[in-house]
Colleague: 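Right, I'll just put the structure down here and ask away after.
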Amino acid sequence: AVLTTLYAGGLFTSDARVLKECASIALPMFLSLLLIIPSRTLQGLVVAQSDLLFYAGITAVDAALFGLAVSFMNAKLGAGYLGMWWVHVALYALNVTQFALRVAFTKPKAKLA
């Protein structure tokens with residue numbers, strides 16, 4: 001996906017502005033893809049620990065934060081499409097931190113005999 005934004009955009013358009021915009025998102029797209037793997041893994045561990053209330057709550061909070069951050073990036077900073085990708089990076093970094101801490105500090109439940 002990242003290589004497509006850098007090199008294969010010309011297969012779809014010859015508009016230099018579109019190609020430049022695609023190339024500009026390569027780094028945040030790469031970081032987002034890199035962070036989504038541990039994010040989803042840690043979310044799976046939280047679900048496996050039956051900590052569904054935490055999972056649902058933090059997912060709702062993160063969704064609201066994402067919306068607010070994208071809105072802020074567009075309205076106040078004029079960051080546009082590139083800004084949205086950097087918000088993705090920040091959200092996934094926050095998500096990995098939240099779920100890693102939850103997994104690290106959740107005591108295992110007693111095993112049934």
Side-chain angles (χ1 to χ4, degrees):
V2 174
L3 292 176
T4 301
T5 65
L6 289 173
Y7 303 112
L11 297 173
F12 306 103
T13 184
S14 59
D15 187 332
R17 291 177 300 159
V18 172
L19 294 173
K20 183 180 176 187
E21 186 77 16
C22 285
S24 74
I25 66 164
L27 178 60
M29 179 186 280
F30 172 75
L31 294 173
S32 292
L33 292 172
L34 192 68
L35 288 167
I36 199 169
I37 297 166
S39 172
R40 296 299 184 247
T41 301
L42 290 163
Q43 288 176 14
L45 290 172
V46 167
V47 170
Q49 292 174 334
S50 298
D51 200 353
L52 301 179
L53 187 59
F54 173 80
Y55 180 82
I58 211 70
T59 301
V61 168
D62 285 352
L65 288 174
F66 179 77
L68 289 171
V70 168
S71 177
F72 176 79
M73 291 291 276
N74 285 331
K76 302 293 183 189
L77 302 178
Y81 190 58
L82 178 61
M84 187 230 16
W85 276 101
W86 283 113
V87 170
H88 268 117
V89 172
L91 177 70
Y92 285 133
L94 174 65
N95 195 262
V96 167
T97 303
Q98 292 164 330
F99 282 92
L101 289 171
R102 188 62 175 201
V103 167
F105 292 108
T106 298
K107 294 180 184 175
K109 294 185 171 131
K111 293 182 181 179
L112 298 175

Colleague: Run the side chain to side chain contact (heavy atoms under 4.5 Å, CB included) test against V47 and tell me which residues pass, sequence neighbours left out.
Modeller: L52, Y55
Colleague: Using the salt bridge (charged side-chain N to carboxylate O under 4.0 Å, His left out) rule, collect all pairs that involve residues 63-73, keeping only residues at least two apart or in two chains.
Modeller: none
Colleague: Any salt bridge (charged side-chain N to carboxylate O under 4.0 Å, His left out) pairs touching residues 78-97, not counting sequence neighbours?
Modeller: none
Colleague: Looking at CG of L27 and CG of L31, how far apart are the two atoms once the value is rounded to the nearest 0.5 Å?
Modeller: 4.5 Å
Colleague: Which pairs count as salt bridge (charged side-chain N to carboxylate O under 4.0 Å, His left out) when at least one residue sits in residues 77-88, sequence neighbours excluded?
Modeller: none
Colleague: By side chain to side chain donor-acceptor pair (under 3.5 Å), which residues pair with N74, not counting sequence neighbours?
Modeller: none
Colleague: Decide whether I36 and L34 are clustered together by the hydrophobic rule: side chain heavy atoms of Ile, Leu, Val, Met, Phe, Trp, Tyr closer than 4.5 Å, transitively.
Modeller: yes
Colleague: Under 3.5 Å, sequence neighbours excluded: what are the donor-acceptor pairs made by side chains of residues 86-94?
Modeller:
{"unit_1": "H88", "atom_1": "ND1", "unit_2": "M84", "atom_2": "O", "d": "3.4"}

Colleague: For S39, check side chain to side chain donor-acceptor pair (under 3.5 Å) against everything at least two apart and list the hits.
Modeller: Q43, N95
Colleague: Quick one: side chain to side chain contact (heavy atoms under 4.5 Å, CB included) partners of L68, sequence neighbours excluded?
Modeller: none
Colleague: Under the rule for side chain to side chain contact (heavy atoms under 4.5 Å, CB included), what residues qualify as partners of I58, not counting sequence neighbours?
Modeller: F54, D62, Q98, F99
Colleague: Considering only residues two or more places apart or on different chains, which pairs with a residue in residues 31-43 satisfy salt bridge (charged side-chain N to carboxylate O under 4.0 Å, His left out)?
Modeller: none
Colleague: Provide the full list of side chain to side chain donor-acceptor pair (under 3.5 Å) pairs with a residue in residues 44-53, sequence neighbours left out, each pair given once.
Modeller: D51-R102
Colleague: To the nearest 0.5 Å, what is the distance between CG on L42 and CD1 on I37?
Modeller: 12.0 Å
Colleague: Do M29 and Y81 belong to the same hydrophobic cluster, where Ile, Leu, Val, Met, Phe, Trp and Tyr are linked whenever their side-chain heavy atoms lie under 4.5 Å apart, directly or via other members?
Modeller: yes
Colleague: Which residues pass the ring-ring contact (aromatic ring centres under 6.0 Å, His included) test with F72, sequence neighbours left out?
Modeller: none
Colleague: I need the minimum non-hydrogen distance between L82 and P28, along with the two atoms involved.
Modeller: CD1-CG, 3.9 Å
